[in-house]
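Remember, it's a predicted structure, so these values are computed and weren't measured experimentally. Note that the numbering runs from 1 along the sequence shown for the chain.
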Amino acid sequence: MIVLGIILLVIGFVTGVSILWTIGIILVVVGAILWILGSMGHAVAGRRHYW
């Protein structure tokens, strides 16, 4: 999810499409939160680990 967010950020920045930029930021933030919760041992969406 984080990688997809970064790809969308780059594509949105290069092409100037602001919706891709916004979606990319949201995906990076959500992916980072899920990664942190998963690494702390909390079950995220029924999974013990989230990569």
Side-chain angles (χ1 to χ4, degrees):
M1 186 175 290
I2 295 173
V3 174
L4 179 63
I6 292 172
I7 291 171
L8 287 177
L9 280 173
V10 171
I11 292 173
F13 181 73
V14 170
T15 61
V17 179
S18 63
I19 190 71
L20 291 178
W21 182 259
T22 304
I23 293 171
I25 290 172
I26 292 170
L27 285 178
V28 168
V29 169
V30 169
I33 290 171
L34 290 175
W35 183 24
I36 291 169
L37 286 175
S39 67
M40 292 173 56
H42 294 285
V44 178
R47 297 177 183 230
R48 177 60 71 187
H49 298 285
Y50 185 84
W51 298 252

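Here CD1 of I7 is found 12.0 Å from CG of L20. Values are rounded to the nearest 0.5 Å. Taking CG of L8 as the start and CD1 of I26 as the end, the distance is 10.5 Å to the nearest 0.5 Å.
Scanning for side chain to side chain contact (heavy atoms under 4.5 Å, CB included) contacts around L9 gives W21, I25, V28, with sequence neighbours left out.
Across all their heavy atoms, L27 and M1 have their closest contact at O-CG, 3.6 Å.
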